[in-house]
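Input: a single structure, listed below in structure tokens.
Below, read A as the first sequence line, B as the second, and so on, with proteins coming before strands; counting in each chain starts at 1. As the structure is a prediction and not an experimental result, all values here were calculated from the model.
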Amino acid sequence: MKTLLVGEYRDGKLLASTYELVAFAEKLGADSAMFLVGSESDLPRYNGTLYFADSSKYSEFNPSAHKQLLLDVIAEEQPEMIVFSHSSYGWDLAPRVALALKAAQVSEVIDVVDGHLVVPTCNSKLRRDVKAKTAQTVVTLQGGAFGLSGDPSGTATLVKVETDAPAQVEFAGYEAVEKGGVDLSKAEIIVSAGRGIGKPENLEMIANLAESLGGEYGASRPVVDAEWTEHHRQVGTTGQTVSPKLYIACGISGAIQHLAGMKKSEFVVAINTDKDAPIGEIADVLAVADLKELVPALTEKIKSL
Amino acid sequence: MKILVCVKQVPDMESRFKVNAEGQWYDNSDLAWRMNEYDEYAIEQAVQLKEQVGEADVTVLTIGSDRVKEPIKKALAMGCDRGVHVVDDASFAKDPFEIASIIATFARDKGFDMIFTGMQSQDRGSAQVGVLVAEMLDLASISTVVEFAYENGQVTARRELEGGLKAVVKAGLPALVTCQLGLNKPRYPTLPNIMKAKKKELLSVEVATLLQVDAVQETTRMYFPEKKGGGIVLEGEVGNIVNEVVNILKDKTGVLA
Ligand SMILES: Cc1cc2nc3c(=O)[nH]c(=O)nc-3n(C[C@H](O)[C@H](O)[C@H](O)COP(=O)(O)OP(=O)(O)OC[C@H]3O[C@@H](n4cnc5c(N)ncnc54)[C@H](O)[C@@H]3O)c2cc1C
Ligand SMILES: Nc1ncnc2c1ncn2[C@@H]1O[C@H](COP(=O)(O)O)[C@@H](O)[C@H]1O
């Protein structure tokens, strides 16, 4: 099998997720070539052909031009599988390429078993085996699902590619999210509030539990989106990545984007009314209980010690 | 301005799921249903755009069984002008390419200036349908939008990237955007607006009249992930759970030392 790996580049740098694509090809035992719109100052360590376009010419985000560059490379290479990261770059570009190729796109692949692509469904409560009916398949890989066993190495053979496809949208630059007061990445104990707290007033009991343990409180995305707390307390792919000694997740279901931000915690306690909540998969302790009862009781007990 | 919003009905993710008899999807019975969370932001943005430009007509479209009239009614009560129900009892089994084709076939030649979709559906989660619709209709599209502004025929949107970065992207109309969580504050339908919504047009269209393609992929099997195990599950009386949690924290972590 022949694969084409679509590397990713942002704000002048190669993203490490590019190596997850290499790991995926290795796992399949497939031949690969790579495609990247980036800069020669930061090329992937990779043994193979790298079809390369300069981001200073095509911009880091220009879906119609990147699509055309890719389609030209695909016509040349004839890969059976075109592999993206399931990221803001990948899930934007992949459907455009898939449609142009009349190929199936399978999103957020976490495994390959007996030729079936495995994807999560319903907030990871269920899994699906998926098979493409088309000759070529486009896939996007869930972040962290595939990893290289060692450090990446090699020197790519560069093949420069060009297009004159016009831009359909104009990319006007990046903006950083404003940084806030607490740096959760340094906290040793974090108690996080999820949507399960139900109303903003209940955030206080989460903060109290955190305080009783000498830690900080964090939150999942819905709590931040509802403006119950500040963005700098959000844990996850679009918030902070944390690795405390203890992480207590209160009323958090355990969506992959949340787990990605806290799964390096040394010890995880989850408090959830739903015994099947996916957070149970990574929790060392799952307390099946109403947080409105358990959190205050636990806080009292800890204070009394 | 003509605006289209696409919404999907999905099960409440806290539901107890069962796999259906064919072993290829979840069993649709005994589930609580709600509007796909991402699509609530899409409706809100469409209605805000209408309020901004004044002269606008917002169509909300959904594909599914009779049950999916519920999210349409909610969308109408939130301020959409007309509903389109594409009647399809088997929509759950359709792949993103088929769903997008149905929507694109409906929208083609209707002159929509703006189309809003969610960035992904909570159950299938392919994050494909919106971008596919735009490509099928040859429209500019911007995915994963967390800020949206419209002025003088041009959209300025901020795409959310990983790790606290946003990309500022501009496009002229017609365009499609896929809406990410937190884009705005979806309004709650008020009782008067729920009453008003009952008088709004709700058109039913048979899916066969819009579906002109075959699926490009199939789900061969749906199943529960193997429990990794290892974790301790505590259930029962809250006082007991508290004691057990404290004991475990003392034993296994240094935090209560
Ligand atoms: C591109 C992208 C990026 C994202 N980035 C992030 C991110 O950085 N961080 C993040 O957190 N999310 C992120 N998300 C959102 C993520 O997919 C989930 O929607 C989100 O994490 C869900 O938050 P939650 O677990 O608090 O809410 P829900 O999924 O709604 O879960 C609530 C939980 O509370 C439980 N519960 C309810 N009542 C009680 C009670 N009384 N006592 C105890 N438990 C109760 C329920 O059983 C449920 O498990 C992102 C999504 C996308 C698409
Ligand atoms: N059955 C459907 N009816 C109407 N819109 C849908 C349907 N399925 C998906 N969509 C739209 O496409 C978006 C992305 O869905 P998906 O590609 O399945 O993740 C959703 O947020 C909806 O806006």
Side-chain angles (χ1 to χ4, degrees), chain A residues 10-11 61 87-88 91-92 95-96 99 103-108 116 121-123 125-134 168-177 189 213 221 225 237-238 245-246 253 267 269 274-276 280-281 283-289 293-294 297-298 301-302 305, chain B residues 11 13-14 16-17 26 95-97 122-128 131-132 135-136 140 142-144 158-171 181-182 215-225 228 231-235 238-239 241-242 245-246 248-249 252-256:
Chain A
R10 181 162 321 138
D11 216 4
F61 183 74
S87 63
S88 55
W91 66 60
D92 187 89
R96 304 176 197 269
L99 187 72
Q105 180 190 332
V106 183
S107 302
E108 220 188 339
H116 285 94
T121 306
C122 293
N123 198 15
K125 281 193 161 183
L126 288 155
R127 295 264 185 284
R128 289 194 292 140
D129 288 349
V130 183
K131 242 191 154 62
K133 296 178 163 185
T134 50
Q168 233 180 356
V169 297
E170 180 202 337
F171 171 50
Y174 294 113
E175 250 179 35
V177 174
I189 297 171
L213 288 161
R221 181 166 184 145
D225 283 342
T237 45
T238 49
K245 289 195 172 126
L246 173 63
S253 63
F267 200 82
V269 176
D274 180 4
K275 194 179 174 178
D276 298 328
E281 283 295 297
D284 298 284
V285 177
L286 170 64
V288 184
E293 293 170 27
L294 185 57
L298 186 59
K301 177 82 184 181
I302 288 167
L305 292 178
Chain B
M13 292 302 139
E14 284 160 43
R16 266 275 147 92
F17 289 97
Y26 54 78
D95 73 3
F97 174 65
Q122 286 174 277
D123 56 350
R124 199 177 259 276
S126 74
Q128 292 180 31
V131 178
L132 284 176
E135 291 288 304
M136 288 169 179
I142 309 175
S143 66
T144 333
R158 283 171 174 70
R159 300 189 70 223
E160 185 182 50
L161 314 178
E162 292 73 18
L165 211 59
K166 292 174 191 170
V168 184
V169 181
K170 297 171 195 273
L181 305 170
V216 290
Q217 59 184 281
E218 60 181 335
T219 297
T220 51
R221 190 164 83 91
M222 185 174 272
Y223 50 97
F224 290 94
K228 183 195 73 177
I232 305 167
V233 179
L234 303 175
E235 288 178 278
V238 166
I241 298 181
V242 167
V245 169
V246 167
I248 293 168
L249 291 183
K252 303 245 167 96
T253 75
V255 302
L256 290 179

Give the C-alpha distance, both sets of side-chain angles, the deciding distance and a yes or no for side chain to side chain donor-acceptor pair (under 3.5 Å) between B:Glu162 and A:Ser88. CA-CA 7 Å; B:Glu162 292 73 18; A:Ser88 55; 2.9 Å; yes
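- Using a 4.5 Å cut-off between heavy atoms, B:Tyr223 touches chain A through backbone and side chain atoms alike.
- Counting heavy-atom pairs under 4.5 Å between each of A:Ser253, A:Ala103, A:Ala176 and chain B puts A:Ala176 at the top.
- When every heavy atom of A:Phe267 is checked against every heavy atom of B:Lys252, the shortest pair comes out as CE1-CB, 3.7 Å.
- With values rounded to the nearest 0.5 angstrom, B:Thr220 atom OG1 is found 7.0 Å from A:Lys131 atom NZ.
- Taking CD1 from B:Ile232 and CG from A:Asp284, the interatomic distance works out to 8.0 Å, rounded to the nearest 0.5 Å.
- Note on A:Asp225, A:Leu298, A:Ile302: by heavy-atom pairs under 4.5 Å with chain B, the leading option is A:Asp225.
- Of the listed residues B:Leu256, B:Ile142, B:Val245, B:Val169, the one with more heavy-atom pairs under 4.5 angstrom with chain A than any other is B:Val169.
- Put simply, of B:Ile241, B:Val238, B:Leu249, the one with the most heavy-atom pairs under 4.5 Å next to chain A is B:Val238.
- B:Arg221 touches chain A through backbone and side chain together, each having a heavy atom under 4.5 Å away.
- Using a 4.0 Å cut-off between a side-chain N of Lys or Arg and a carboxylate O of Asp or Glu, A:Arg96 and B:Glu135 qualify as a salt bridge.
- With a 4.5 Å cut-off on non-hydrogen atoms, A:Val269 touches chain B through its side chain but not through its backbone.
- Using a distance-only test at 3.5 Å, with no hydrogens or angles considered, a donor-acceptor pair links the side chain of B:Gln217 to the main chain of A:Gln105.
- The contact between A:Ile189 and chain B is made entirely by side chain atoms (from C-beta outward), counting heavy-atom distances below 4.5 Å.
- The heavy-atom pair separating A:Leu126 from B:Pro225 by the smallest distance is CA-CD, 4.1 Å.
- If you measure heavy-atom distances from A:Phe61 to chain B, the contacts under 4.5 Å come from the side chain alone.
- Contact check for A:Leu294 versus B:Val242: side-chain heavy atoms found under the 4.5 Å cut-off.
- Interface residue A:Arg127: backbone and side-chain heavy atoms are both found under 4.5 Å from chain B.
- With chain B as partner, the option from A:Ser87, A:Ser107, A:Ala287 having the largest number of non-hydrogen pairs under 4.5 angstrom is A:Ser107.
- Contact of B:Glu218 with chain A is made through backbone and side chain together, with heavy-atom distances under 4.5 Å.
- Using a 4.5 Å cut-off between heavy atoms, A:Asp92 touches chain B through backbone and side chain atoms alike.
- The shortest distance between side-chain heavy atoms of A:Lys125 and B:Met13 does not fall below 4.5 Å.
- For A:Leu213, the part sitting under 4.5 Å from any heavy atom of chain B is the side chain, from C-beta outward, and nothing else.
- Contacts between B:Ser126 and chain A at a heavy-atom distance below 4.5 Å involve backbone atoms as well as side-chain atoms.
- No more than 12 heavy-atom neighbours from other residues, nucleotides or ligands sit within 6.0 angstrom of NZ on A:Lys275.
- Residues A:Asp276 and B:Phe224 have side chains not in contact (no heavy-atom distance under 4.5 Å, counting atoms from C-beta outward).
- Among all heavy-atom pairs drawn from A:Trp91 and B:Val131, the shortest one is O-CG2, 4.5 Å.
- Contacts with chain B were tallied for A:Val169, A:Val285, A:Asp129, A:Val130; A:Asp129 has the most, counting heavy-atom pairs under 4.5 Å.
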